[in-house]
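The block underneath contains the structure these notes are about, expressed in structure tokens.
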Protein chains: 2
Amino acid sequence: MLKDFECTQESYAKGILREKGLKSTAQRLAVVHVLHTSGKSLSVGEIHDGVKEMLGVTGLATIYRTLEVFEDLGIVKRLHFPDGGHGYAFSQGEHVHHMVCVGCRVVFDFPECPVESFDYASVEKQGFRVKDHFIQLFGQCGKCAEAA
Amino acid sequence: MLKDFECTQESYAKGILREKGLKSTAQRLAVVHVLHTSGKSLSVGEIHDGVKEMLGVTGLATIYRTLEVFEDLGIVKRLHFPDGGHGYAFSQGEHVHHMVCVGCRVVFDFPECPVESFDYASVEKQGFRVKDHFIQLFGQCGKCAEAA
DNA sequence: ACGTTAAATGAGAATATTTATCAACTGAGC
DNA sequence: GCTCAGTTGATAAATATTCTCATTTAACGT
């Protein structure tokens, strides 16, 4: 099942799911496929539509549940937009940041971490201990730059 | 009106509002006061409660509208949490990043920008032009560290 | 102070988004 | 193939957010 869509990214997801004792269902693999092939950040509704196109009837709740699981596993990242909306993007690997085109929401990976070598002294002086961070870059991709 | 709560932060907000031809209403100043005095990131509901405590009856829609205006003006920042929730924090000045305690949601300002001197070559090579960024640090404040 | 006017508010309906429930179904290992 | 825990679909329920419009009010000029 889903043989036609088999690819590195789905194997990657399968591996992580198995590792955690979770099932590789058609719905979950379809979410990976939709997100990865789009190369963009998609809304829950868009993901739902994409999955339905692949599998036929699919419950919306399943999409929400899958995205939650995948976020915990680091397979997808939730991205936030300046307009207040949010979406999900495929994300292979734990510590990758993303850059999103505000025009078409295309996502580029950003493996180097800008804060890795950053000195937190100014906040840690106040008794704070930094444990994690969220970074997202906004910009314009080549295509959207031309169109404008 | 609201004389008792007059403070630097409210004058700051008033100034920006006047500059833009917007009104300094009791509701708007109350939002500033609630957010600033709490020193934390608050949910829309918490802000609504705080404002009602100050002014009595206040429409929830007004809180949403105020937060939208304030975000555009840079008076508040919308923060996102690992659990998927979000909140708003007072933010004086355009380019300030924030660090949030995941325990109590206390917010510390973080004026130095970790990406300011960062080299975007790796993504700009792909035709991308970086225009903005969103950075948020997570951690534990002194109090929450003790409690744990 | 007073009047004028555009901006803002409150109330609640209307939408949109997300979560919860539970019986039926299915992938993974034996 | 059989079994069982994990997963799904359908839909209700709960949350969250936006919209509408009559009424109110801050800001400004006089």
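Numbers restart at 1 for each chain; the letters A, B, ... are given by sequence-line order, proteins then strands.
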Check your understanding: Applying the ring-ring contact (aromatic ring centres under 6.0 Å, His included) test to F134(B), which of H80(B), H97(B), H98(B) qualifies?
Key ->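 One option only clears the test, and that one is H80(B).
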
Check your understanding: Is atom CD of E124(A) surrounded by more than 12 heavy atoms (other residues, nucleotides or ligands) closer than 6.0 Å?
Key -> yes

Check your understanding: Counting only heavy atoms not in E68(B), do more than 12 fall under 6.0 Å of its CD?
Key -> no

Report yes if a side-chain nitrogen or oxygen of [X] is closer than 4.0 Å to either non-bridging phosphate oxygen (OP1 or OP2) of [N]; otherwise report no.
{"X": "R18(A)", "N": "dA28(C)", "result": "no"}
{"X": "Q27(B)", "N": "dT25(D)", "result": "no"}
{"X": "T25(A)", "N": "dT7(D)", "result": "no"}

Exercise for review: Please step through salt bridge (Lys or Arg N to Asp or Glu O under 4.0 Å) for the pair D83(A) and R105(A), ending with a clear verdict.
Suggested key: CA-CA 12 Å; D83(A) 69 4; R105(A) 299 206 166 169; 3.3 Å; yes

Can you measure [X] atom [atom1] to [N] atom [atom2] for me and round it to whole angstrom units?
{"X": "L73(B)", "N": "dA8(C)", "atom1": "CG", "atom2": "P", "value": "10 Å"}
{"X": "K14(A)", "N": "dA28(C)", "atom1": "NZ", "atom2": "C1'", "value": "12 Å"}
{"X": "K20(A)", "N": "dT7(D)", "atom1": "NZ", "atom2": "C1'", "value": "19 Å"}
{"X": "I63(A)", "N": "dT19(C)", "atom1": "CD1", "atom2": "P", "value": "14 Å"}
{"X": "H48(A)", "N": "dA16(C)", "atom1": "NE2", "atom2": "P", "value": "16 Å"}
{"X": "K52(B)", "N": "dT9(C)", "atom1": "NZ", "atom2": "C1'", "value": "15 Å"}
{"X": "L22(A)", "N": "dT8(D)", "atom1": "CG", "atom2": "C1'", "value": "14 Å"}
{"X": "L29(A)", "N": "dT8(D)", "atom1": "CG", "atom2": "P", "value": "10 Å"}

Revision key, fill the gap. Rounding to 0.5 Å, atoms NE2 (H133(B)) and CD1 (I135(A)) come to a distance of 8.5 Å

Check your understanding: Are the aromatic rings of F138(B) and F128(A) close, with centres under 6.0 Å apart?
Key -> no

Exercise for review: Kindly state whether the ring of H36(A) and the ring of F90(A) have centres lying under 6.0 angstrom apart.
Suggested key: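 Yes.
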
Practice item. Let me know, please, whether V57(B) or L17(B) comes out on the 5' side of the other along DNA chain C by nearest nucleotide. Key: L17(B)

**Study point:** side chain to side chain contact (heavy atoms under 4.5 Å, CB included), paired with S24(B), selected from E10(B), K14(B), R18(B)
**Key:**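 Only match with S24(B) under side chain to side chain contact (heavy atoms under 4.5 Å, CB included): K14(B).
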
Check your understanding: What is the per-nucleotide protein-contact pattern of nucleotides 15-22 of chain D, from the 5' end, where B denotes a base atom under 4.0 Å from a protein heavy atom, S denotes such proximity for sugar-phosphate atoms only, and - denotes neither?
Key -> -SBBBB--

Exercise for review: Evaluate the side-chain hydrogen bond (donor to acceptor under 3.5 Å, both in side chains) criterion for residues S122(B) and E112(A): first the C-alpha distance (whole Å), next the side-chain angles of each, then the deciding distance (0.1 Å), finally the verdict.
Suggested key: CA-CA 9 Å; S122(B) 78; E112(A) 311 109 37; 3.1 Å; yes

Dump the pairs, protein N or O against N or O of nucleotides 23-26 of chain C, anything under 3.5 Å, distances to one decimal.
residue : atom : partner : partner atom : Å
dT26(C) : O2   : K23(A)  : NZ           : 2.8

Study note, to complete from the structure: Against the side chain of S24(A), the closest entry in dA28(C), dA8(C), dA10(D) is dA28(C)

